Structures are given as structure tokens and as C-alpha cells.
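First comes the structure, then the notes that go with it.
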Protein chains: 4
Amino acid sequence: MNARLEPCRTETCRQQQQRERILQAAQQCFIKHGFHAASMAGIAETAGMSAGLIYRYFENKSAIIQAIITQQLDERRASVAELASGHDLEQRIIELFIAWRDGSPSVMNAPLFLEIVAESSRDAVIGKAFDESDAATRDAFTAWLSQLAARRQQPTGDQALRVRSIAIQAFIEGLAIRAVREPDIDLDTVRRAVGSVLAHLIDAPAAETESSSA
Amino acid sequence: MNARLEPCRTETCRQQQQRERILQAAQQCFIKHGFHAASMAGIAETAGMSAGLIYRYFENKSAIIQAIITQQLDERRASVAELASGHDLEQRIIELFIAWRDGSPSVMNAPLFLEIVAESSRDAVIGKAFDESDAATRDAFTAWLSQLAARRQQPTGDQALRVRSIAIQAFIEGLAIRAVREPDIDLDTVRRAVGSVLAHLIDAPAAETESSSA
Amino acid sequence: MNARLEPCRTETCRQQQQRERILQAAQQCFIKHGFHAASMAGIAETAGMSAGLIYRYFENKSAIIQAIITQQLDERRASVAELASGHDLEQRIIELFIAWRDGSPSVMNAPLFLEIVAESSRDAVIGKAFDESDAATRDAFTAWLSQLAARRQQPTGDQALRVRSIAIQAFIEGLAIRAVREPDIDLDTVRRAVGSVLAHLIDAPAAETESSSA
Amino acid sequence: MNARLEPCRTETCRQQQQRERILQAAQQCFIKHGFHAASMAGIAETAGMSAGLIYRYFENKSAIIQAIITQQLDERRASVAELASGHDLEQRIIELFIAWRDGSPSVMNAPLFLEIVAESSRDAVIGKAFDESDAATRDAFTAWLSQLAARRQQPTGDQALRVRSIAIQAFIEGLAIRAVREPDIDLDTVRRAVGSVLAHLIDAPAAETESSSA
DNA sequence: AATGAATGAGCCTTCATTCAT
DNA sequence: TATGAATGAAGGCTCATTCAT
């Protein structure tokens, strides 16, 4: 209808905007009450529309939950990609911690993430989606560690890379829990904790993690 | 309450037994369906009693949830105490990972724990209980690290202990997430990941974690 | 309304065309789902127009139902008129049975008819419309029977004609039910059933039906 | 609990009583509004209980509809069995007509029956149940006609019996429609109509219906 | 004339909770 | 103490209807 590129008025775009609006409201509600406790009425009110209208854009409450989960997992992937994109991993992790602590939008939300993990052990569909996301996340980690090792001329075996990936991933995900639980912690403490863990995992020669230390 | 080994017949004791029975059933249901999705009817059936009877022992579904959360947090405290009780932390962490992966009873349940963390960011009462549990858990960690440092004659400052506690706690909690997400991972990989993280955190001289590594 | 064959372009005519289009779609939907289960959205889609537009031509879903009912009753009247128009009633009844069985359009639809009868016992307006249609139908039957009797020089009293009309009508309407219930019945069986009933009702002298046979 | 045979207090019995109460209310509502238009709230109110309680006894609204349909079809079968049980078929049909006209309970309800027929052409489950009921009904008719013919020493072929069964069934079902449509008709007229149809179908020698009358 | 986005009432259903027994 | 029948308050969802465009 409107060929100019300024305000988006296409049919498709309108649909997208509404979906976005609903998803934002839903995310807010899910964060506030959890997936099950959040009500469609609440989501509708938050989105500033009637409950019935939501069903023009989503088949189900379940479909909304799925969309939010997909979104969250995608954001996690993006975060990891960004983590691994440059130097100063430590600083980036701190920023992630702050985002989790403050509940920044556009970053995977920590309580929501934890609920998704819990739900993934119950719902097969969520479990599958999470499996794929986990695989992609793992790959991003290992690829980055591999590049890093290459740059430092410390050739590292696949197994060692995998071990380090898991270690880093577990630690970072643990930080998500801490961000929820200790929003008032001073950042310098966190920074040193991150540093102390990364120091060994990244700087150490491959040999150290190659053999079991048991 | 009743230290004698004879069959307990006191009123109070009977109450306790019934409460226990309900709580066990509730935990089962909560693990299976989550706090909100689990129904009182389901809990009653699992406990082998009528739905109405539960209300003689608990005021609310909410009260049951609170009790379960308290229980879980206590078990976490116990786990940490046990972790820190002896040598070979690595082996104990592996055992914890296995327990989480297999959903062993009598150990803090991983999905439930994650849901509790999420819920703690919504419900003030749960948040407070969790705060106290976190403090106790932290103290247990630092006390143990302190003893360890003393034994190794590596006197370590309070701040450094705190930093290490947080690092270890985050890593271990992150492993709870991984246990849920990757139940099929081979344990040797986990063992090496644990080893690689602990190596630096425990063996390193205090100095390294005393100053920010940024 | 417009007897000329040129394309009709009057406002009124356009209205009529749209109404017709809607009614056809509605009838399709009503046959498929029943009056209450059919949705305005479905009717709109079937008619190839938007849901809102329907309300320019019909005040209500109820109004559409009324219109369809009127149409169906008119078609019934037409069918009866045709039945009674010539010789070989038996053959015409068979054709009606086939039309019902196959759900031919342009003939009163059997399941719809049954639903209308049921509805006529609930809705006063429908009841009234049906009463009038019944009266007209009855008149058509009696008129035809009267002619037939006259042609055969078997003068018959009004009461006897009424009795025969009812008998025939009941039998034919019962065949509508059978057409719905036994679409796979072989037509020869039906033909003989029709024949056996008509034989006595039409060929018999008036006397036999004049007095109660109890 | 109560061994005496007087008031029924068995668990099973209580359940049965409640189911009965619900079914009666449901039937009332279905007759009044039709299957789809009747609401669970209305049924509950009619039954004098809360809506939620109904779900202790029926899984679904659909299950209630199924139960009512089964009941109706069973009652139809019973009616046919009774019709064919003795002499004076005419009188029995009149009584059936009266029952339909007056909506007597404990007899297949006419409008409901018509709606069931209509629905049987849409819902596969209902269709199947109806098929079986139709088969049984047909058998009852033919068996009875066969006995009748034997008693009168008018040996009749299977085909002829089948033809007469269909004819009678169609006529009687048509009377159900007439009972709904013409509740004020005088019974003598109906009696004579019934007589005129039965006269030929029952009294006539087999030969007449054996060959097609076309 | 035509669209389809939007509403809101109402439906079916579930479930925590109560209470008579 | 124990039951489970019963309630009532939501909750998710549908759909006839309206209205801005």
C-alpha cells in the first residue's frame, strides 16, 4: 500500500508487529509468573489488547511458550557467538552477568532460561529444541577455543576442546544462577571469579586437560 | 523427635509421618510436572490418601511448595557440607553430577532446584529462604577453602576465599544444568572438566586470585 | 425479478446476487456442520468474502438460518408440487429418495430438514413458518389426491383425503430419514417398499380409509 | 454398607444415581436447545449441581451426548420390540405417536431422534452406533413380520420381509416427524392413516410385494 | 462495497479448597 | 482420622459481531 520505506505498513509487517507485541508481553508475564502461572488474560492486558485477538496470531498458549523458548535459545546462541567473537572474554562475561542481573531485554533472561531447562526435562518438544540449541552452542564454543588455540600455537585435540567447552559453558550457566540469586554482589568479585576460572581453562596448555586429573 | 527405636505412636510423630508421606509424594509430582502444573489430586493419589486429608497437615498447596523448597535447600546445604567434608572434591562433584543426572532421591533435585531459583526471583518468601540458604552454603565453602589453605600453609585473604567460593559454586550449579541437559554425556569428559576448573581454583596460590586478572 | 436476460446491474439485483452467494455457502456449511456448529467465518470463507461483509446482507446468523429454512421449506413445497404434478408417483418418490441420499442441491436437504423439524419445536418463529409450509404441503397433497379420485371416478370425502395425505406425507418424510441412514440400500428394495405403501393408499376405494380400521 | 435392600446406598449406586440425574437434566436441555446449543452450565443448573461436579461423572460434554444418544437408540429398540411383541400393532403405534407428541420420557424423544439422525451423517462415531441400532431394529421388524406371516400361513420370502420392514419403519419414523409438527392433530385421523398403511403391508399376501409394482 | 482487525461475552474444563459424613 | 463429593473461581479458547479503514 505504502511503497515508501519509512513506516512499515505492509500486511505482513503489521502481523509481525503484533506478534512481536504479544511476544514481548508474554515474555514479561512469563518472567514475572512463570510459564504455567502466567495467564492469557494477563498477557493480553500487558500487550494492551483483548485476549481473543492473541489467537489471531498464535494458535495456542503453548505456541507462545514455544516461540518464547525458541527466542530465548536463539538469544543464548547469539550471546555465545558474541562471547566468542573477540578478545577479552572476561569482560564480555561480566557484561552478560550484568545483563542477567538486571534482566536486560534482548539478552536471554536468566530465570526464564532456568525454567526452560527444567521444562526441557519434561516436555519432549522443548527437549528436542534445546538439544539442537545445545549442540549449536557447544559447536560455537569449541570452534572459538580451537581458533584461540591455533592463534596461540597450542594445537589442541578434539577431546580437550570438548572438555574445556563444557567447563566454560557450565561455569557461565552457573553464573546465570548466581546473577539471579545475588543481584547485589559487587562486580569486582565476579570479575575475579571469572578471571580465575578462565585463566586456567584458556591459558593452560592442552596437556593439562588432556589427561584425567583423578 | 522420638529418639527411641520402638514404633512411634505419639500424636506428634504420626503427624510427622503423614507430613513426610505427603512431602515425598509432592516432591515426586513437582519433579514430574513442576510446581504449578502438579495437582493436589495427583499428590494425594501418589501419597495414597484422599485430597482432603492433605489439608489436615498443610494449610495450602503453597505451604507444601514452601516445605519442599526448604527441604531442597537443606539438602543442598548438606551436599555442600559433604562436598567440603573431605579430600577428593573432584570425585564428590562427579558423584553429585551422577545423582543429578539420575534424579537420585535424597539429593537436591536438579530441575526442581532450577525452578526454585526461578521462583525465588518472583516470590519474596522463597527469595528470603533462599538468601539464607545461599549464605550458609557460601560459609561452608569458604570455611572449607580456608581450612584447605591453612593445611597447605597458603594463608589466604577473606576476599580471595570469597572469590573462589563463588567460582566453585557457580561451576557446580552450572553442572546441575548440564546434568539435566546432557544426561548421556560420558563421565570421563565431565571428570576432566571438573578437574581442569578445580585445579586452578584450589591448587593455585592465593596471589593469583587476589588481584583482578583483567 | 428481472425477466430480461441481459446482465443484471441494478443495485437491488446486486444485493440479491450477494445474498444468494451467502445463502449457498451457508447451506453448504449448515449441511456439513449443522446450524449451531457452523461458523460465520466458515460461511464467509465458503462464500469467498470477508466475514464482515455478510452483515451488510444479513442482520444476523439467525437471519441466515431463517432464510435457509424458508428456502428449504419452499423447496419441499416445490418437491411436493412436482410429486403431485403427474402420473407415476412411485418413480418420482424414488427420484426424491436418490436426491436425498446423494445430497443433491436444489432439493430439500434431508439432514437439514430433520434439523429444521427439531428446531421448529424450539423456536416459535421457525415453528410458525413451518406450520404454514405444512399447510401448503398438505393442501397440495389433498388437491392432487382429489383430482386423482375424480379422474378415477371414486368420489372421496375430505376426511379420507386428509387421512391419505397424512399417511403419504409421513411415509415420504420417513423415507428422508432412511435416505440419510441407509445410503447404500438397493433401490429396488426401496421401489418395492414405496409401491407396497402407495398401492393401497392410492388405488383403494375411499371406503376403506373412511372408517377406522381398529 | 447397608445390607438391607431398601434405600440404595452403595457407592456404585450413588454414582449411578448422579449419572442418571445428570443424564436426565442433559436430555431436558438437549431437547430444549439441541446438542450444540445446550450449555454445560445449563445442564448443571437443571441437575441442581455445580458445573464442575458433572466432570466427576462424565469426561466430556461429548461423553454426555454419546450417552444420551445410546440411551435414545436403546429406547427406540425397546419401542420396536414392544411394537412387535403383541397383537394390535395399530393401537401401539398410536400410543407411540401420543408419546412422541407429548414428549413422554422413557420413550425415544422425537426431536432428539431427528437431531441424532442428522448428526449421524456428520459424526462417524454416532454414525456407527446408529448403524448397529438400525440393524437391530430392522431385525426386530423382520422377525416379527416373519412370525406374523407364519401364523397366518402366508410363507413370505426374505426379500419381501425386508421390503415390508423398511416400509413400516419409514412410515413410523415419518410419524415421529408428524408428531413433532402436528401436535394438535386429532388422533382418529392418525389412527385411520396408520390403519390404511398397515392394512396393506401386513394383511396382504406376500405375492403383492414380491414383485416390483413399477 | 469490502476488508479483516478487534472485541467481549460465553463456553468447556480444571483444580484448589471445603465440608458433611 | 479420613474420605471424596461438592463448590466456585479462574483459565484457555471460540466466535458472532462491530468498526476503522
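Please read these numbers as outputs of a predicted model, since none were measured by experiment. In what follows, chains are A, B, ... by sequence order, proteins preceding strands, each numbered from 1.
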With Watson-Crick and G-U wobble geometry limited to distances under 3.5 Å, how should the secondary structure of DNA chain E be encoded in dot-bracket form, using | for bases paired to another strand and [ ] for crossing pairs?
.||||||||||||||||||||
Looking only at the side chain of C:Ser50 (C-beta and beyond, no hydrogens), which of the listed nucleotides E:dT13, E:dT3, F:dA6 gets closest?
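Of all the options, the side chain of C:Ser50 is nearest to E:dT3.
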How far apart are the C-alpha atoms of D:Ile69 and D:Leu112, what are their side-chain angles, what is the distance that settles it, and do they pass the side chain to side chain contact (heavy atoms under 4.5 Å, CB included) test?
CA-CA 9 Å; D:Ile69 289 178; D:Leu112 222 45; over 6 Å; no
Rounded distance (Å) that lies between atom [atom2] of [N] and atom [atom1] of [X]:
X	N	atom1	atom2	answer
D:Tyr55	F:dG8	OH	P	16 Å
A:Gln16	E:dA5	CD	P	13 Å
C:Lys61	E:dA9	NZ	P	19 Å
A:Ile54	E:dA5	CD1	P	15 Å
D:Arg14	E:dA20	CZ	P	14 Å
C:Arg56	F:dT17	CZ	P	17 Å
A:Met49	F:dT18	CE	P	22 Å
D:Leu53	E:dT14	CG	P	14 Å

Taking 4.0 Å as the cut-off, does a side-chain nitrogen or oxygen of C:Gln18 come that near to OP1 or OP2 on E:dA2?
yes
Closer than 4.0 Å, any side-chain N/O of A:Asn60 to the OP1 or OP2 of F:dG12?
no
Report the residue (C:Arg21 or A:Gly48) whose heavy-atom-nearest nucleotide on DNA chain E is the more 5′ of the two.
C:Arg21
Steps toward side chain to side chain contact (heavy atoms under 4.5 Å, CB included) verdict (C:Ile43, C:Phe30)
CA-CA 9 Å; C:Ile43 294 172; C:Phe30 290 156; 4.0 Å; yes
I'd like to know if the side chain of [X] and the backbone of [Y] have a donor-acceptor N/O pair within less than 3.5 Å.
X	Y	answer
C:Lys61	C:Phe35	yes
C:Gln72	C:Asn109	yes
B:Arg19	B:Arg14	no

D:Met40 and D:Ile64, any side-chain heavy atoms less than 4.5 Å apart:
yes
At 4.0 Å (heavy atoms only), tell me whether A:Phe58 reaches a base, stays on the sugar-phosphate, or touches nothing.
nothing
Give every residue pair that meets the side-chain hydrogen bond (donor to acceptor under 3.5 Å, both in side chains) criterion with at least one member in residues 20-38 of chain D, sequence neighbours excluded.
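Applying side-chain hydrogen bond (donor to acceptor under 3.5 Å, both in side chains) to every pair that reaches into residues 20-38 of chain D, excluding sequence neighbours, yields D:Gln18-D:Arg21.
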Would you mind telling me which residue lines up with the more 5' stretch of DNA chain F, A:Glu59 or D:Ala51, judged by nearest nucleotide?
D:Ala51
Within this structure, what is the CG-OG distance for the pair C:Asp123 and C:Ser62, rounded to the nearest 0.5 Å?
6.5 Å
Could you walk me through whether D:Asn60 and D:Gln66 satisfy the side chain to side chain contact (heavy atoms under 4.5 Å, CB included) test, starting with their C-alpha distance in whole Å, then the side-chain angles of each, then the deciding distance to 0.1 Å, before giving a yes or no?
CA-CA 10 Å; D:Asn60 262 344; D:Gln66 288 291 344; over 6 Å; no
For DNA chain F, determine which residues of residues 33-44 of chain A have any heavy atom closer than 4.0 angstrom to one of its atoms, and list them numerically.
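Hits under 4.0 Å, by residue number: A:Ala38, A:Ser39, A:Met40.
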